[in-house]
Amino acid sequence: MDWDDLRHFSAFATHGSLSRAAQTLGVEHATVSRRIAAMEAHLGVRLVDRRGRRLMLTPDGERIAAMAEGMGRDVAAIERTAAGARAELGGTITVSAPPAFAAARLVAPLAALRQHHPGLGIRLVGESRSAALDKREADIAIRLSRPEQGEFTITRLGTMAFRLYASPAYLAATPDAKWTFIGYDGPMASAPQQVKLREIAAGRPVAFTASTTEIQLAAVRAGAGIAMLPEFVAEDDASLVCVNAKDPAFRREIWLAVHSDMKAAPGIRLAIEALKAGLTR
């Protein structure tokens, strides 16, 4: 069997669609489809039911997917063990973090790390979801929620403060009772800072939603309403006004997580030290 075919099939089984599997693997969705077809031809078993609009696993496909998932965990564990045992300072380190925080706070210390160690490659991924460290989607993850499961070494880096911001023109033209708010949509709608925003809104509408902090910031500047934004993206912006400057900021803890198998790898260790020092400054 071509084990790469199995890897593509496992990604499809995990994510439920060709496009999401392709995005995870960094290939075209046609490549995933071709790999699955090759695996079916080799095994002589139909793994995917293609009759409907949505591709579904067949019963045989579900059984094989369960075995493939276990094999994937074993392969990832071997890779982590090997990476943690290597003594050389090289390769690429992948850091996953919330997009706005990555741009504002992580680029500088990671760039300085590269200057001191040019043999290292840095891949900084801005994403709202939590990267799967056990599957090596990232080597280091910066999160706003403490991981509760997994064999991770976890460090608290500090807190992220949030406050309400609006444009001066919006506040001048809109009485408190008529305020509307800007918030997240999709999975981020349940984030703690958005729960706090709805609490403050007290029944007033969240009339503008956006998927990223950057879009919310642009919406505030355009006068679309009031948003709960991290201080680090708004406090030096002269076009914004802090609505609740006299109230305590809403805070979330910032956590750094690394798989325990990887923490001793020289490059990972240096990256963690650089991130800690940079955020402390």
Taken in chain and number order and not counting sequence neighbours, the residues that satisfy side chain to side chain contact (heavy atoms under 4.5 Å, CB included) with S10 are T14, A68

Would R143 count as a cation-pi partner of W255, with NZ or CZ less than 6.0 Å from the six-membered ring centre and within 45° of the ring normal?
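The answer is no; the distance or angle limit is not met.
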
* To do: Check the pair T213 / Y184 against side-chain hydrogen bond (donor to acceptor under 3.5 Å, both in side chains), numbers first and verdict last.
  => CA-CA 8 Å; T213 299; Y184 280 109; 2.6 Å; yes

So that I can tick it off, tell me whether R146 and E253 are bridged by a salt bridge, with the cut-off set at under 4.0 angstrom between side-chain N and carboxylate O.
no

Fill in: Carboxylate-amine/guanidinium proximity below 4.0 Å for E273 and K276
no

- Query: After noting the C-alpha distance and the side-chain angles of E214 and L217, does the key distance pass the side-chain contact (heavy atoms from CB on, under 4.5 Å) rule?
  - Reply: CA-CA 5 Å; E214 293 84 355; L217 179 61; 5.6 Å; no

* Asked: Please walk me through it: do Q216 and L229 pass side-chain contact (heavy atoms from CB on, under 4.5 Å)?
  -> CA-CA 8 Å; Q216 289 186 29; L229 297 173; 4.0 Å; yes

ILVMFWY cluster, [X] and [Y] together (side-chain gap under 4.5 Å):
| X | Y | value |
| --- | --- | --- |
| I93 | V107 | yes |
| L279 | V125 | no |
| L144 | V233 | yes |

**Prompt:** Please walk me through it: do H8 and T31 pass side-chain contact (heavy atoms from CB on, under 4.5 Å)?
**Reply:** CA-CA 8 Å; H8 284 72; T31 301; 4.0 Å; yes

Look up atom [atom1] in [X] and atom [atom2] in [Y], then write down how far apart they are to the nearest 0.5 Å.
| X | Y | atom1 | atom2 | result |
| --- | --- | --- | --- | --- |
| M39 | I36 | CE | CD1 | 9.0 Å |
| W179 | L164 | CH2 | CG | 7.5 Å |
| M228 | Q194 | CE | CD | 7.5 Å |

Side-chain heavy-atom pair [X], [Y] within 4.5 angstrom cut-off:
| X | Y | answer |
| --- | --- | --- |
| F12 | R35 | no |
| S96 | T94 | no |
| L256 | I140 | yes |

Looking only at side-chain N and O atoms, does T58 offer a donor or acceptor that is under 3.5 Å from a partner on D60?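 No donor-acceptor contact under 3.5 Å links the two side chains.
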
From CA spacing to verdict: side-chain contact (heavy atoms from CB on, under 4.5 Å), E231, Y165: CA-CA 9 Å; E231 281 186 339; Y165 291 91; 3.7 Å; yes

